[in-house]
Q: 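Take a look at this one; I'll ask things after.
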Amino acid sequence: MNKSFTQFAIMCSLLSLSTSAMAEQLWPDLPQPIKNGISAQADNIVYVGLGAAGKSFYAMDTASSKPQWQKLADFTGPVPDQATAAAVDGKIYIFSGSGKLKATDKSPIIFDSVYVYDIKNNNWYKQNTHTPVGLLGAAAYPLNQTEIAIFGGYNKPQFDQYLRAVSTIDKHAEPHKWQQTVTDFMARAPESYQWNQDIQVYHTDTNSWSTKGKSPYLANCGAALVGEGDNITLISGEIKPGLRTPIVKTVTIKGSQVDWQQLASLPDAANGQLQEGVAGAYAGKNQGVLIVAGGANFLGARAKAEQGDWFAHDGLSKHWSQDIYTYHNEKWALATTKLPQGLAYGTAFSTPTGVLMVGGENATGKPQTKVYMLRYQQSDIRVID
């Protein structure tokens, strides 16, 4: 083989590799970091914003050959953290969250407001209604064109009172009083927090509320939700402040008929360490496989709780997970691939090409702009930057 032919073959090979790399869809990072924000999906368009992004709100067409984030109209109300949202019939409904009504307020509260983003007109307005319960940390899902189901949520009166107490006590002048207030609130069994255990249903056509029964499980917040038609999967989350659960359950809602089932719990870690469960995980489906990634917990909290110590995360460091789990053929598996860093409290979307991970916070608590794609490939996960 002569030298010129060899060089030509190498050039063709490099060109082929370059073309292949260019064909790989690149997912742009967010224009600004977001954690504890809201998200919604309408067909191929995904929406994210608020939380650490303030009043900013963005959209991206995941079906575009060159997807880009587009800035939309700024939110018009007090900025909520950990609100929940769902898209129905050309509008995005935003429920609850927590924050300050005015910047001068001494403590945040749980909002009972409902705001609406009109996709066609690119504007916001406040709905003339109030959430029947606190929905901080809840998860929303559109059942149809007029009903949004909402699961979980903190108890508003209890949490507002606690936030007011810890915000008004001078921690440095009265450290013992401040610590006792925290301990009194945290050292309680999960049931005493009276989190929302009903399936709350908001009716967009009548601007009214109803319920579809109670969850047979402990109410929890910060669970990841993956929905497909009438079937909704709720993954992990916390059952009280600082304590997570590894339980995964599904609920099928058809009209007034509601059927709950428990799936296999998230498995223990590869080293045999007890599975804590995670709050704020990323989850979605790709090729029919449920994918759960990241999330945060306190390693050792579950073991303390099982010994009756309900202030289970006291003295423990918060842990941001890099683990990725898959649920396929009714079995969980821990992927050999890990996230590039521990992440939690962002959002995820199921798309035909994979599960899109957007924003969140890392192990320093810093909000992120990163966007990753998780793709199920040969019984494992590929992470695409």
Side-chain angles (χ1 to χ4, degrees), residues 21-95 97 99 113-127 139-142 145 148 204 225-227 280 282-286 343 345-362 366-375 383-385:
M22 289 175 65
E24 185 71 75
Q25 192 170 33
L26 301 177
W27 298 96
D29 290 343
L30 287 162
Q32 67 183 101
I34 296 178
K35 71 173 183 178
N36 293 333
I38 62 164
S39 64
Q41 186 170 2
D43 297 322
N44 297 319
I45 313 297
V46 297
Y47 298 85
V48 297
L50 312 188
K55 293 181 179 290
S56 296
F57 197 54
Y58 299 93
M60 181 172 69
D61 184 354
T62 61
S64 171
S65 59
K66 293 183 179 180
Q68 296 295 326
W69 291 104
Q70 176 188 0
K71 194 172 190 307
L72 304 175
D74 281 350
F75 184 64
T76 54
V79 177
D81 264 11
Q82 298 183 66
T84 188
V88 170
D89 195 25
K91 294 180 173 63
I92 299 173
Y93 294 81
I94 294 89
F95 304 93
S113 55
V114 179
Y115 281 84
V116 182
Y117 174 74
D118 187 317
I119 294 173
K120 181 180 179 180
N121 295 310
N122 186 31
N123 64 8
W124 294 89
Y125 58 90
K126 187 178 182 181
Q127 198 75 316
Y141 180 73
Q145 290 301 297
I148 298 171
T204 62
L225 184 152
V226 178
Y282 305 78
K285 276 192 172 182
N286 180 230
L343 292 168
Y345 309 116
T347 191
F349 304 95
S350 297
T351 76
T353 52
V355 177
L356 198 66
M357 279 182 59
V358 180
E361 70 175 25
N362 64 6
K366 183 178 179 181
Q368 300 293 293
T369 61
K370 290 301 300 179
V371 174
Y372 298 103
M373 173 67 76
L374 306 181
R375 185 174 295 165
V383 180
I384 301 168
D385 193 343

Q: Run the side-chain contact (heavy atoms from CB on, under 4.5 Å) test on Trp27 and Met60 for me, step by step, so that the C-alpha distance in whole Å, both residues' side-chain angles and the decisive distance to 0.1 Å come before the verdict.
A: CA-CA 10 Å; Trp27 298 96; Met60 181 172 69; 3.8 Å; yes

Q: Any side-chain heavy atom of Met357 within less than 4.5 Å of one from Leu374?
A: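 SC-SC contact between Met357 and Leu374 confirmed.
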
Q: Backbone N or O of Ile384 within a donor-acceptor pair of the Arg375 side chain at under 3.5 Å?
A: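 Such a contact is absent between Arg375 side chain and Ile384 backbone.
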
Q: Given side chains that start at C-beta, do those of Trp69 and Leu30 come closer than 4.5 Å, heavy atoms only?
A: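 They are in contact (side-chain heavy atoms under 4.5 Å apart), so the answer is yes.
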
Q: Flag yes if more than 12 heavy atoms outside Lys71 fall under 6.0 Å of its NZ atom; otherwise flag no.
A: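 Enclosed.
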
Q: Judged by atom type as modelled, is there a donor-acceptor pair below 3.5 Å linking the side chain of Gln368 to the main-chain atoms of Lys366?
A: yes

Q: For Ser56 and Gln32, which I'm curious about, is there any donor-acceptor pair between the side chains at under 3.5 Å?
A: yes

Q: Is there a side-chain contact (heavy atoms from CB on, under 4.5 Å) between Leu343 and Lys370 once you walk through the steps?
A: CA-CA 10 Å; Leu343 292 168; Lys370 290 301 300 179; 5.6 Å; no

Q: Determine whether a donor-acceptor pair (N or O, by modelled atom type, separation under 3.5 Å) exists between the side chain of Asp61 and the backbone of Ala63.
A: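 Such a contact is found between Asp61 side chain and Ala63 backbone.
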
Q: Contact between Ile148 and Phe95 at the side-chain level, heavy atoms closer than 4.5 Å - yes or no?
A: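 Yes, close enough: below the 4.5 Å cut-off.
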
Q: What pair of heavy atoms forms the shortest contact from Val358 to Tyr282, and how long is it?
A: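 Looking at all heavy atoms of both residues, the closest pair is O-CE2, 3.9 Å.
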
Q: Please enumerate all residues that pass side chain to side chain contact (heavy atoms under 4.5 Å, CB included) together with Ile92, with sequence neighbours excluded.
A: Ala40, Tyr47, Phe57, Ala85, Ala87, Ile94, Tyr117, Ile119

Q: Considering all heavy atoms of both residues, which atom of Ala59 and which atom of Leu72 are nearest to each other, and what is their separation?
A: CB-CD1, 3.7 Å

Q: Within the structure provided, determine whether Lys126 and Val114 are in side-chain contact (heavy-atom separation under 4.5 Å).
A: no

Q: Charged N to carboxylate O below 4.0 Å: is that the case for Lys35 and Asp81?
A: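 No, this pair does not count.
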
Q: Could you check whether any side-chain heavy atom of Thr62 comes within less than 4.5 Å of a side-chain heavy atom of Phe349, counting everything from C-beta outward?
A: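 Result no, sub-4.5 Å side-chain heavy-atom pair not found.
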
Q: Quick one: pull up CG in Asp74 and CG in Leu50 and give me the separation to the nearest 0.5 Å.
A: 9.5 Å

Q: With a 3.5 Å distance limit and no angle check, can you tell me whether Gln41 reaches the backbone of Ser350 through a side-chain donor-acceptor pair?
A: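 A pair under 3.5 Å: yes.
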
Q: Please tell me if the side chains of Val48 and Ser39 come closer than 4.5 Å, counting only heavy atoms from C-beta onward.
A: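 Yes; the side chains approach each other to less than 4.5 Å.
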
Q: Under the 3.5 angstrom rule, does the side chain of Lys55 hit a backbone N or O of Gly77 as a donor-acceptor pair?
A: yes

Q: Between Asp43 and Ile45 (side chain of the first, backbone of the second, donor and acceptor by atom type, cut-off under 3.5 Å), is there such a pair?
A: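 Checking the backbone N and O of Ile45 against the side chain of Asp43, no donor-acceptor pair under 3.5 Å is found.
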
Q: Is there a side-chain contact (heavy atoms from CB on, under 4.5 Å) between Thr204 and Tyr93? Walk through the geometry before answering.
A: CA-CA 9 Å; Thr204 62; Tyr93 294 81; 3.5 Å; yes

Q: Please round to the nearest 0.5 Å and tell me the distance separating atom OG1 of Thr347 and atom CD1 of Ile34.
A: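 Atom-to-atom, Thr347:OG1 and Ile34:CD1 are 9.5 Å apart.
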
Q: Quick check: closest heavy atoms across Ala86 and Ala140, and the distance to 0.1 Å?
A: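 Of all heavy-atom pairs spanning Ala86 and Ala140, the closest is CB-CB, 4.2 Å.
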
Q: Under 3.5 Å, side chain of Asp29 to main-chain N/O of Val371, donor-acceptor pair present?
A: yes

Q: Grab the two heavy atoms, one from Val79 and one from Gly54, that are nearest each other, plus how far apart they are.
A: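 Answer, listing the atom of Val79 first, then Gly54: CG1-O, 3.5 Å.
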
Q: Give me the atom names and distance for the closest heavy-atom approach of Gly284 to Val355.
A: C-CG2, 3.5 Å

Q: Would a distance-only check, ignoring hydrogens and angles, find a side-chain to backbone donor-acceptor pair under 3.5 Å from Trp124 to Tyr115?
A: no

Q: For Pro67 versus Ser64, what's the shortest heavy-atom pair and its separation?
A: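 Answer, listing the atom of Pro67 first, then Ser64: CD-O, 3.4 Å.
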
